[in-house]
Undergrad: 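The structure follows.
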Amino acid sequence: MLKKLFMLSAILLLAGFLAACSGDGGGESEASSDGGSGDGETKELKFGMVAGTAQNEYKAGETLKKYVEEESGGDLSVKLYPDSQLGDDRAMLEQVREDSLDITLAETGRFGIWVPRAELMGLPYIVDDFDHLKKAVYETEYGKGIHEELKSEHNWRVAGTAYNGTRQTTSNSAIKSLEDMEGMKLRVPEADTLLDYAEYTGAAPTPMAFTEVYMALQTGSVDGQENPLSTIDAQKFYEVQDYLAMTNHVVNDANYVVSQNTWESLSEENQKILQEGIDKAVEEHTKLFKEEEKNLISKFKEEGMTVTEPDLKPFREAVSEVYPEYLEDIEGDGEAYLQQIKEAK
């Protein structure tokens, strides 16, 4: 009898212990799901960029990070990798394609390495301004086709396009017309489109390392250079150049490129949150660059620079003569692509 009572007590104790464990486990699971959006998904998104922490791109990235983390209730987090920590823009695009990086920034023209017709968007004077650029890439068959190919063939989802500044020209003498470009030794990067800008406007293209430009301007080894206003300010080129011409020859964009595989791995709710976060980042990105450019023109004038606004029609006509060379490597009807871009205003 005692033996039976002992066995019954042991069974009851074991049953109580198992019930308690089962209750604790359920409580913990419920508490865990309350902390997020309820779908049980937790994911860290890695966002790499060339820009440093003081630059507009990084500030826009912080806008994305804050929105996504708050709206997802912690289900999604964003880790920013600024200052080219993960390589240059090309290297980071490759990482997104291989799914070792989730988000990066890239100009539309940069995609020309993989999709040749995209390079047209990097040509000087191919668009008049940022609004024209957006229409060209989002409202034409040309632009839509590029985005679709990037997504289906390269795992790159273009989730938003922000304004990233417009390239202008500084010099030792005033540029009031196309004729003033004639013979000017103009420093440009080793990029075909910018070498052509210099050559077809009559200047003498002079490529050199970016780190050498300030000294070359100071010593007169070159007569001028071209860059966005933010770069002219950051590098203090206004200290060694007296004139700024608003040549507006290349409108820079910054595409927020997301791994398509990453996108598809998210729940519909978190896809919505990520897209909304990118939309807000694009808005902030564009606002920061436009405000900065407006303020910098005033600053450069205060620093003693003379700002000119030459008639750009002759510039556009001169540079357009090189466009046919870029059509040679493009599959499809390159002339039709150019026409679509032109008419997208």
Undergrad: Would you say the side chains of Ser259 and Asn155 form a donor-acceptor pair under 3.5 Å?
TA: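 Present: a donor and an acceptor within the cut-off.
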Undergrad: Please evaluate residues Glu284 and Lys280 with respect to the criterion salt bridge (Lys or Arg N to Asp or Glu O under 4.0 Å), reporting the C-alpha separation (whole Å), side-chain torsions for both, the decisive distance (0.1 Å), and the verdict.
TA: CA-CA 6 Å; Glu284 180 68 8; Lys280 290 184 177 297; over 6 Å; no
Undergrad: To the nearest 0.5 Å, what is the distance between OG1 on Thr169 and CE on Met184?
TA: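 So the OG1 of Thr169 and the CE of Met184 are separated by 8.0 Å.
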Undergrad: Heavy atoms only: give me the nearest Tyr125-Thr247 pair and the separation to one decimal.
TA: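 It is OH-O, 2.7 Å.
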Undergrad: Are Ile103 and Lys46 side-chain neighbours, meaning at least one heavy-atom pair lies under 4.5 Å?
TA: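 They are not in contact (no side-chain heavy atoms under 4.5 Å apart), so the answer is no.
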Undergrad: Checking Ser177 against Glu179: is there a side-chain donor and acceptor pair closer than 3.5 Å?
TA: yes
Undergrad: For Thr161 and Asn255, which I'm curious about, is there any donor-acceptor pair between the side chains at under 3.5 Å?
TA: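 Yes, a side-chain donor-acceptor pair sits under 3.5 Å.
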Undergrad: Taking Lys290 first and then Glu293, would you say they form a salt bridge - that is, a charged N and a carboxylate O separated by under 4.0 Å?
TA: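 Result for this pair is no, no salt bridge flagged.
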Undergrad: Extract all donor-acceptor atom pairs below 3.5 Å that involve side chains of residues 47-62 and protein atoms in other chains or at least two apart in sequence.
TA:
unit_1, atom_1, unit_2, atom_2, d
Gln55, OE1, Gly52, N, 2.7
Asn56, ND2, Glu292, OE1, 3.2

Undergrad: Testing Val258, Leu93, Val96 one by one against Leu101 for a side-chain contact (heavy atoms from CB on, under 4.5 Å), which residue passes?
TA: Val96
Undergrad: Measure the spacing between CD of Glu94 and CG of Asp88 and express it to the nearest 0.5 Å.
TA: 10.0 Å
Undergrad: For Leu266, is there any backbone N or O sitting under 3.5 Å from a side-chain donor or acceptor partner on Asn270?
TA: no
Undergrad: Distance alone, cut at 3.5 Å: any donor-acceptor contact between the side chains of Gln241 and Asn172?
TA: yes
Undergrad: Examine the side chains of Ser171 and Ser173 and answer whether a donor and an acceptor come within less than 3.5 Å of each other.
TA: no
Undergrad: Going by heavy atoms in the side chains, are Leu186 and Val222 under 4.5 Å from each other?
TA: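 They are not in side-chain contact.
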Undergrad: If a pair satisfies ring-ring contact (aromatic ring centres under 6.0 Å, His included) and one of its residues is in residues 263-294, list it, with sequence neighbours excluded.
TA: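 For residues 263-294: Tyr256-His285, His285-Phe289.
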Undergrad: With a 4.5 Å cut-off on side-chain heavy atoms, are Leu64 and Leu274 touching?
TA: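 With C-beta onward as the side chain, the pair touches.
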Undergrad: Under a 3.5 Å threshold, yes or no: a donor from one side chain and an acceptor from the other, between Asn164 and Glu107?
TA: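 There is no such pair (donor and acceptor under 3.5 Å, judged by atom type) between the side chains of Asn164 and Glu107.
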Undergrad: Tell me which pairs pass salt bridge (Lys or Arg N to Asp or Glu O under 4.0 Å) where either residue lies in residues 296-305, with sequence neighbours left out.
TA: Asp233-Lys299
Undergrad: Measure the shortest side-chain to side-chain distance between Thr206 and Val188 over non-hydrogen atoms and say whether it is less than 4.5 angstrom.
TA: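 Counting from C-beta outward, Thr206 and Val188 never come under 4.5 Å.
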Undergrad: Decide yes or no on ring pair (Phe, Tyr, Trp, His ring centres under 6.0 Å) for Tyr138 and His147, but give the supporting numbers first.
TA: CA-CA 9 Å; Tyr138 283 101; His147 284 179; 5.1 Å; yes
Undergrad: Could you check whether Lys272 pairs with Glu276 (Lys NZ or Arg NE/NH1/NH2 to Asp/Glu carboxylate O, under 4.0 Å)?
TA: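 Salt bridge present between Lys272 and Glu276.
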Undergrad: Take a 6.0 Å sphere around CD of Glu264 and say whether it holds more than 12 heavy atoms from other residues, nucleotides or ligands.
TA: yes
Undergrad: Any non-hydrogen side-chain atom of Met121 less than 4.5 Å from a side-chain atom of Leu133?
TA: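 Yes. Closest side-chain heavy atoms under 4.5 Å.
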Undergrad: Quick one: salt bridge (Lys or Arg N to Asp or Glu O under 4.0 Å) pairs with a partner in residues 320-334, sequence neighbours left out?
TA: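 Passing the test, one end in residues 320-334: no pairs.
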Undergrad: I want to check something: taking the side chain as every heavy atom from C-beta on, are Thr201 and Val319 in contact at a cut-off of under 4.5 Å?
TA: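 The answer is yes, as the side chains (C-beta and beyond) meet within the 4.5 Å cut-off.
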Undergrad: Check whether the side chains of Asp242 and Thr306 place a donor and an acceptor atom closer than 3.5 Å, and report yes or no.
TA: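 No, no side-chain donor-acceptor pair sits under 3.5 Å.
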Undergrad: Considering only NZ, NE, NH1 and NH2 on the basic side and carboxylate oxygens on the acidic side, decide whether Asp89 and Arg110 come within less than 4.0 Å.
TA: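 Answer for the salt bridge query: yes.
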Undergrad: Just list the side-chain donor-acceptor pairs under 3.5 Å for residues 336-345, sequence neighbours left out, or say none.
TA:
unit_1, atom_1, unit_2, atom_2, d
Gln339, NE2, Glu343, OE2, 2.6
Gln340, OE1, Glu141, N, 3.3
Gln340, OE1, Tyr142, N, 2.8
Lys345, NZ, Asp128, OD2, 3.2

Undergrad: Determine whether Glu226 and Arg167 satisfy the following criterion, salt bridge (Lys or Arg N to Asp or Glu O under 4.0 Å), listing intermediate values before the conclusion.
TA: CA-CA 6 Å; Glu226 58 75 52; Arg167 299 183 83 92; 2.6 Å; yes
Undergrad: Please report the shortest heavy-atom distance between Asp99 and Asn261, naming the atom on each side.
TA: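 Closest approach of Asp99 to Asn261, heavy atoms only: OD2-ND2, 2.7 Å.
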Undergrad: For atom CD of Gln218, decide whether the heavy atoms of other residues, nucleotides or ligands shown that lie under 6.0 angstrom number more than 12.
TA: yes
Undergrad: Determine whether the side chains of Tyr163 and Thr166 contain a donor N or O and an acceptor N or O closer than 3.5 Å.
TA: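 Note: Tyr163 and Thr166 side chains meet the donor-acceptor criterion.
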Undergrad: Do Thr42 and Asp75 have side-chain N/O donor and acceptor atoms under 3.5 Å apart?
TA: no
Undergrad: Establish, from distance only, whether the side-chain atoms of Ser320 and Tyr200 form a donor-acceptor pair under 3.5 Å.
TA: no
Undergrad: Is there side-chain contact between Tyr243 and Thr170, with at least one heavy-atom pair below 4.5 Å?
TA: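 Of all side-chain heavy-atom pairs linking Thr170 with Tyr243, none is under 4.5 Å.
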Undergrad: Can you confirm whether Pro228 sits close enough to Thr231 that some side-chain heavy atom of one is under 4.5 Å from a side-chain heavy atom of the other?
TA: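 A side-chain contact under 4.5 Å exists here.
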Undergrad: Checking the side chain of Gln95 only, and the main-chain atoms of Leu86 only, is there a donor and an acceptor separated by less than 3.5 Å?
TA: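 Flag set: sc Gln95 to bb Leu86 pair under 3.5 Å.
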Undergrad: Strictly by modelled atom types, are Gln275 and Asp279 linked by a side-chain donor-acceptor pair under 3.5 Å?
TA: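 Distance-only check passes for Gln275 and Asp279.
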Undergrad: Please name all residues satisfying salt bridge (charged side-chain N to carboxylate O under 4.0 Å, His left out) with Glu139, sequence neighbours left out, ordered by chain then number.
TA: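 Listed in chain order: nothing, the list is empty.
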Undergrad: Once the angle between the rings of Phe300 and Tyr238 is folded into 0 to 90°, is it parallel (under 30°), tilted (30 to 60°) or perpendicular (over 60°)?
TA: tilted
Undergrad: What pair of heavy atoms forms the shortest contact from Leu327 to Leu120, and how long is it?
TA: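 The answer is CD2-CD2, 4.0 Å.
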